[in-house]
Number of protein chains: 2
Amino acid sequence: MAQLSEGFESVRLSAAHADTWSEDMQDQAETALVALRRVLKATASNVKSVATKTGLTASQLLVLQVLRTQGETLTGDLARAVDLKQATISILIDKLQEQQLVVRRRGETDRRRVWVRLTEKGLTALDGAPDLLQDTFRTRFAQLAEWEQASITAALLRVVSLLNAEKIEASPILDVAGVNDPPLGNGQ
Amino acid sequence: MAQLSEGFESVRLSAAHADTWSEDMQDQAETALVALRRVLKATASNVKSVATKTGLTASQLLVLQVLRTQGETLTGDLARAVDLKQATISILIDKLQEQQLVVRRRGETDRRRVWVRLTEKGLTALDGAPDLLQDTFRTRFAQLAEWEQASITAALLRVVSLLNAEKIEASPILDVAGVNDPPLGNGQ
DNA sequence: TAAATTTTTTTTGACTATCTATATAAGTGC
DNA sequence: GCACTTATATAGATAGTCAAAAAAAATTTA
């Protein structure tokens, strides 16, 4: 999939202009955008490398990660969580099921619904796919002075608020849990 | 494509845990990762919306943006810049050329090489694809106090250095220009 | 209860992006 | 000229995605 996830290509090469622009008010914004751009690049290439390393595609990996975080999940909620259509998820789950990384289970009270959950094999596959980027980030972040951690966190949150404007506010991955039926356990 | 370009899915829902974890050293890192995650989500969905808005795919848009930034570029350098194989770029350029958004031109001293550049139509297509995310970012960033701009920029640069570790350091988009032949003008 | 409607998932068919491997063409060194 | 390398293009295969339709079950309405 690999959708590329770039969004800041049109940033001017502020580094090249730095000497002439140094005092320009806009310079700061451009520098920030270039930095953002690099963050994006780093994460995108990280996703790619983890994906090829595990033999999974990025979407598949994404779905597995959501399942690990949320436990058993409805296919529809999965689709929302990773921003794909249900048709796509359905096929994607087929593939994952063929590899026995997940299992489907029909809902009992409502037999239209289909719950998906990780298998042991799926869990180990995920463990075998350490997210290097995330790990290095955590490791290095932990080594910073506390005030710097705080300042970076604050800045990132600020950036989120700058970006979010009208858009987004969906961010379903972080708040899908507990939508309808008991998501964990064997209930419903 | 959709390649989704996420990289931080496995982040725990630190918001949900915040009350119990508040003093935990790791909490800060998790919060930072969640924030990063949201930045990624925002930019990814932005790319998608801009792409569908213009009828171009994300990769195509990306290539056009690189061309706008760098001027005439070799197909191989394009491939490196957007992290696709040459074969893929070749086909991608075919499509863009069909729509008359770019033109190919054979190198004159080295006739193996193929230069690609934006047409007028390509340029207007790009102008018609305003990057809302980037614009809102710039606008809102500009409204911040100067000290805050500085602190955000510094934090972002710090994040880049945290992420970059061994990896990356390629970041070709920002330094491909002027590799071999005169990239601009009609030289060689 | 029967019929119509809605919800949830799957299937189907088409299209596109991407990759690997191979081919073509042009340059370089001997 | 010959082997080798470099730059791009083509071919074939795989996979991801979507829209539309089908299927199955629940809900509403009459």
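Naming convention: chains lettered A, B, ... in sequence-line order (proteins, then strands); numbering from 1 in each chain. Side chains are part of it too, since the values below use all heavy atoms of this structure and drop only hydrogens, waters and symmetry mates.
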Distance below 4.0 Å between B/Ser59 side-chain N/O and C/dA17 OP1 or OP2: no
N or O in side chain of A/Thr88 less than 4.0 angstrom from D/dC18 OP1/OP2: yes
Main-chain N/O of B/Gln86 paired to B/Ser90 side chain as donor or acceptor, under 3.5 Å: no
Length of the CG-P vector between B/Leu78 and D/dT8, whole Å: 9 Å
Nucleotide D/dT8, atom P - distance to CG of B/Leu96 in whole Å: 16 Å
N or O in side chain of B/Ser90 less than 4.0 angstrom from D/dT8 OP1/OP2: no
Toward the 5' end of DNA chain C, by each residue's nearest nucleotide, A/Val114 or A/Ile91: A/Val114
Length of the line joining B/Lys85:NZ and C/dA23:C1', which is rounded to integer Å: 19 Å
B/Arg106 side chain vs B/Arg111 backbone, donor-acceptor pair below 3.5 Å: yes
Please enumerate all protein N or O atoms sitting under 3.5 Å from an N or O of nucleotides 25-30 of chain C, with distances to 0.1 Å.
residue	atom	partner	partner atom	Å
C/dG27	OP1	B/Thr109	O	3.4
C/dG27	OP1	B/Arg111	N	2.8

Heavy-atom pair of closest approach, residues A/Val160 and B/Ala35: CG2-O, 3.4 Å
Interatomic distance, A/Ile89 CD1 vs C/dT8 C1' [rounded to whole Å]: 14 Å
For atom CG of B/Leu56 and atom C1' of C/dA17, their distance in whole Å: 14 Å
Under 3.5 Å: donor-acceptor pair, side chain of A/Glu148, backbone of A/Ala145: no
Minimal non-hydrogen separation, B/Leu67 against B/Leu118, with atom names: CB-CG, 3.9 Å
Criterion side-chain contact (heavy atoms from CB on, under 4.5 Å) against A/Thr73, the qualifying member of A/Val114, A/Val63, A/Val116, A/Leu78: A/Leu78
Results of salt bridge (charged side-chain N to carboxylate O under 4.0 Å, His left out) for A/Arg112 - residues two or more places apart only: A/Asp110
d(CD, B/Gln86; P, C/dA17) in whole Å: 19 Å
Distance in angstrom units between B/Leu92 CG and C/dC19 P, rounded: 11 Å
Euclidean distance, atom CG of residue B/Leu84 to atom C1' of C/dA17 [Å, nearest integer]: 9 Å
Phosphate OP1/OP2 of C/dA17 contacted by B/Lys95 side-chain N/O (<4.0 Å): yes
D/dA15 phosphate, OP1 or OP2, under 4.0 Å from A/Thr57 side-chain N/O: no
Minimum-distance nucleotide to B/Ala87 side chain [options: D/dA19, D/dT8, D/dA11]: D/dA11
